[in-house]
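Remarks on the structure that follows.
No experiment lies behind these values; they were computed from the predicted model shown.
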Amino acid sequence: PGPPGHNGLPGRDGKDGRDGEKGEKGEQGENGPKGDSGQIGIQGIPGSRGFPGAPGIMGMKGEKGEGAYVHRSAFSVGLTGKVPHPNVPILFSKIFYNEQQHYDPTTGKFRCSIPGMYYFAYHLTVYTADAKVSLYKQDRPVLFTFDQYQANNLDQASGSVLLHLDAGEEVWLQVYGEGESNGVYADNLNDSTFMGFLLYPDLD
């Protein structure tokens with residue numbers, strides 16, 4: 001046999017072989033860096049309405065408060081004709097306001113039901129004679145008004161006062177002196193009025 005020949009040139013690459021069977025799952029790798037935030041998604045459909053909550057515990061009912069009506073006392077009245085007699089309460093029987101019924105048109109007297117400070121006023125038409133009028137509190141005159149009548153004319157006389165009253169005390173108007181001084185007058189066109197109201201009650 002002769003000596004071995006020289007090595008030949010490398011051959012061409014062979015064709016790709018067939019895929020082998022799928023290998024087993026590898027171990028989980030480390031977490032990568034956090035990515036950028038994505039865009040806000042579209043708002044979802046509103047959920048159904050929830051059930052009502054349980055009611056809270058109700059406290060005890062408080063005592064009834066004192067209403068403002070408790071401290072109301074007012075009247076406004078008028079005369080319907082000429083004053084007939086002096087030295088007796090003038091009967092103002094035309095009622096403009098007397099909701100609390102504290103003024104008695106049968107006696108001409110206001111009777112205090114709520115102790116406190118009151119305001120009283122009168123505006124009188126004077127005709128045919130002089131007029132001497134007093135405002136009385138418990139049989140004691142506290143205010144005097146005198147008007148000297150001028151013939152063939154209508155005069156006006158008025159007065160007002162603040163008085164403190166206790167429960168049960170009375171206030172009224174009356175002509176004082178003799179009969180020739182009872183010129184207080186009223187008709188369809190001329191009024192003589194008497195009024196009063198509670199400014200504020202006693203705190204106690």
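In this structure the side chain of K94 never reaches within 4.5 angstrom of the side chain of T193, judged on heavy atoms. The shortest distance between side-chain heavy atoms of Y127 and D155 does not fall below 4.5 Å. Here the side chains of C112 and Y118 are in contact, with some heavy-atom distance below 4.5 Å. Looking only at side-chain heavy atoms (C-beta outward), M195 and Y119 come within less than 4.5 Å of each other. Annotation: side chain of T128 is in contact with side chain of K82 (closest heavy-atom distance under 4.5 Å). You'll find the side chain of I90 reaches within 4.5 Å of the side chain of V175, heavy atoms only. Under the 4.5 Å side-chain criterion, counting only non-hydrogen atoms from C-beta, T125 is in contact with Q156. V184 has its side chain within reach of L79: a pair of non-hydrogen atoms, C-beta onward, lies under 4.5 Å apart.
Taking every heavy atom of both residues into account, K109 and P89 meet most closely at CE-CG, 3.8 Å. In plain terms, the two heavy atoms of D147 and A157 that are nearest each other are CB-CB, 4.0 Å. Residues F96 and G78 share a closest heavy-atom pair of CE1-N, 3.6 Å. Among all heavy-atom pairs drawn from S158 and H123, the shortest one is CB-ND1, 3.9 Å. Among all heavy-atom pairs drawn from A167 and P115, the shortest one is N-CG, 3.8 Å.
Considering CG of D36 and NZ of K34, their distance stands at 10.0 Å, rounded to 0.5 Å. Note: R12 CZ to K15 NZ = 12.0 Å, rounded to the nearest 0.5 Å. Here L91 contributes atom CG and Q174 contributes atom CD; the two are 11.0 Å apart, rounded to the nearest 0.5 Å. In this structure, OG in S134 is found 5.5 Å from OH in Y176, a value given to the nearest 0.5 Å. Atom CG of L135 is separated from atom OG1 of T145 by 8.5 Å, given to the nearest 0.5 angstrom. One distance of note links CZ of R72 with NE2 of H102; it measures 12.0 Å at 0.5 Å rounding.
Q138 places a side-chain N or O within donor-acceptor distance of the main-chain N or O of E170, the cut-off being under 3.5 Å. With hydrogens and angles ignored, the 3.5 Å screen pairs a side-chain donor or acceptor of Y149 with a backbone N or O of N152.
A continuous path of Ile, Leu, Val, Met, Phe, Trp and Tyr side chains, each step under 4.5 Å between heavy atoms, connects I114 with L163, placing both in one hydrophobic cluster. Linking ILVMFWY residues whenever their side-chain heavy atoms come closer than 4.5 Å, directly or via other members, leaves V88 and V133 in distinct clusters. The cluster map of Ile, Leu, Val, Met, Phe, Trp and Tyr, joined by side-chain heavy atoms under 4.5 Å apart, puts L198 and V171 in the same cluster. No continuous path of ILVMFWY side-chain contacts below 4.5 Å connects L162 to L143, so the two sit in separate hydrophobic clusters. No path of Ile, Leu, Val, Met, Phe, Trp and Tyr side chains, each step under 4.5 Å between heavy atoms, connects M117 with L165, placing them in separate hydrophobic clusters.
Y185 and D187 form a side-chain donor-acceptor contact under 3.5 Å, judged by distance and modelled atom types alone. Inspection of the E99 and Y97 side chains reveals an N or O donor paired with an N or O acceptor under 3.5 Å. Using a 3.5 Å distance cut-off with no hydrogens or angles, the side chains of D202 and H164 do pair a donor with an acceptor. S192 and Y122 share no donor-acceptor pair across their side chains, judged by distance under 3.5 Å alone.
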Practice prompt. Take T80 and F92, measure what side chain to side chain contact (heavy atoms under 4.5 Å, CB included) needs, and give me the verdict at the end.
Written response: CA-CA 7 Å; T80 56; F92 292 88; over 6 Å; no

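Screening F120, F194, W172, Y103 against F110 for a ring-ring contact (aromatic ring centres under 6.0 Å, His included) leaves a single residue, F120.
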